[in-house]
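Values below: every heavy atom of this structure, side chains too, minus hydrogens, waters and symmetry copies. Indexing begins at 1, ligand by ligand and atom by atom, following the structure's order.
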Amino acid sequence: MNQDTASQTLALPVGVTLDRYIIRKQSAFPFATGELSQLLRDIALAGKIINREINRAGLIDVTGAYGANNIQGECQQKLDVIANIRFIRALKNGGEVCAIISEEDEEIIFTGNDNAKYVVAMDPLDGSSNIDVNVSIGTIFSIYRRVSPIGSRATLEDFMQGGRKQVAAGYILYGSSTMLVYTTGHGVSGFTYDHSLGEFFLSHTQLVSPDNGSIYSCNDGNYNQYSVTIRDYLDSCRQRGYTGRYIGSLVGDFHRNLIKGGVYLYPPIPKAPSGKLRLMYECYPLAFIAEQAGGRASDGYRDILDIDPKSLHQRTPIYIGSRQMVEELTANH
Ligand code: P6P
């Protein structure tokens with residue numbers, strides 16, 4: 001048996017690791033100096049650690065409520081706190097990030113890396129109320145190049161640049177498999193985690209979302225609180241025999257709709273008149289990915305990425321997913 005045959009039958013290639021992919025992509029950008037690549041690796045490392053803790057959640061004492069509320073007034077789960085600590089530590093120790101905002105912290109977190117070029121906005125663990133019932137959950141992150149002088153302490157303006165200034169965005173989905181999906185503005189790439197090797201391997205080279213779909217994701221329990229426009233749209237979905245799929249975990253719903261085609265809705269309701277989801281570290285990053293994959297993301301009146309940020313934890317209505325579905329849904333707003 002010659003070497004080529006052996007290599008293709010006896011020793012199959014393991015695939016492209018995240019590290020190797022980032023290095024290859026970095027070489028395609030002559031001005032990339034490696035810090036963003038290292039930052040993506042730091043995020044992947046934190047994701048591996050959190051993945052390990054999630055997978056053992058039933059065996060170690062990390063399920064259930066932590067016993068405090070976050071800035072949003074929401075009951076923190078123990079894994080919310082753990083994930084927040086893990087990401088902050090990974091980004092601080094990685095040295096490429098000068099400041100962080102997190103769903104779990106009211107104020108900007110300064111890392112002390114004042115010579116670093118980047119700031120990160122993150123939801124360290126979204127959907128964590130699903131942990132105890134073993135439903136997929138996720139991390140969402142957004143990366144900006146700082147606008148404040150290198151060497152100084154980061155400022156609020158570093159975060160208030162607007163969605164179209166993101167240099168990278170992504171999510172980690174802790175699901176039936178663990179995936180890291182990100183964009184740097186040149187398409188969307190997906191990596192699947194191989195637990196046996198402790199590596200993320202390229203599994204989705206260029207993720208493109210179907211232009212249309214027949215899946216709608218919303219909390220049907222809120223139906224009577226939606227506007228007539230939203231109710232009419234949902235009625236039309238049902239009349240067309242569409243499928244309702246909502247797992248109460250944004251990253252899981254978003255990822256399924258990205259792959260299969262569909263639309264996720266979180267409209268305004270009386271108890272959340274500006275919507276429930278947060279602009280900086282949920283809607284901006286997922287909107288960046290949706291657009292890079294050929295989809296759309298809107299607040300009903302404008303693209304999510306065109307919303308001017310006013311505060312770190314501001315909320316927005318969001319309609320995100322397949323382009324035709326978002327356009328139909330928002331046409332009559
Ligand atoms: P509701 C989880 O708390 C979350 O932020 C998203 O992951 C999810 O899509 C949504 O809220 C669920 O909210 O009000 O339908 O329970």
Strictly below 4.0 Å, N to O, side chains only: are Arg164 and Asp303 in salt-bridge contact?
yes
Could you tell me the residue and atom name of the protein heavy atom closest to atom 14 (O) of ligand 1, and the distance to it rounded to 0.1 Å?
Tyr266 OH, 2.6 Å
With a 4.5 Å limit on heavy-atom distance, are the side chains of Arg238 and Asp235 in contact?
yes
Can you establish whether the number of heavy atoms outside Asp306 located under 6.0 Å from its atom CG is more than 12?
yes
Counting from 1, what ligand 1 atoms have a heavy atom of Leu250 closer than 4.0 Å?
6 (C), 7 (O), 8 (C), 9 (O)
If the contact criterion is a heavy-atom separation under 4.0 Å, does Leu277 count as touching ligand 1?
yes
Looking only at distances, can you tell me whether any N or O atom of Asp253, backbone or side chain, sits closer than 3.5 Å to an N or O atom of ligand 1?
no
Examine ligand 1 and decide if any of its atoms is less than 4.0 Å from a heavy atom belonging to Asp126.
yes
Cation-pi between Arg153 and Phe110: NZ/CZ under 6.0 Å from ring centre and within 45° of the ring axis?
yes
Member of Tyr174, Tyr281, Tyr171 meeting the side-chain hydrogen bond (donor to acceptor under 3.5 Å, both in side chains) criterion with Thr139:
Tyr174
Quick one: which ligand 1 atoms are inside 4.0 Å of a heavy atom on Tyr246?
1 (P), 9 (O), 10 (C), 12 (C), 13 (O), 15 (O)
Atom 3 (O) of ligand 1: which of Glu282, Lys276, Arg278 has the nearest heavy atom?
Lys276
Could you check atom 9 (O) of ligand 1 against the protein and tell me its nearest heavy-atom contact, residue, atom and distance included?
Tyr264 OH, 2.7 Å
Between Glu327, Gln324, Glu291, which is the residue that forms a side-chain hydrogen bond (donor to acceptor under 3.5 Å, both in side chains) with Arg296?
Glu327
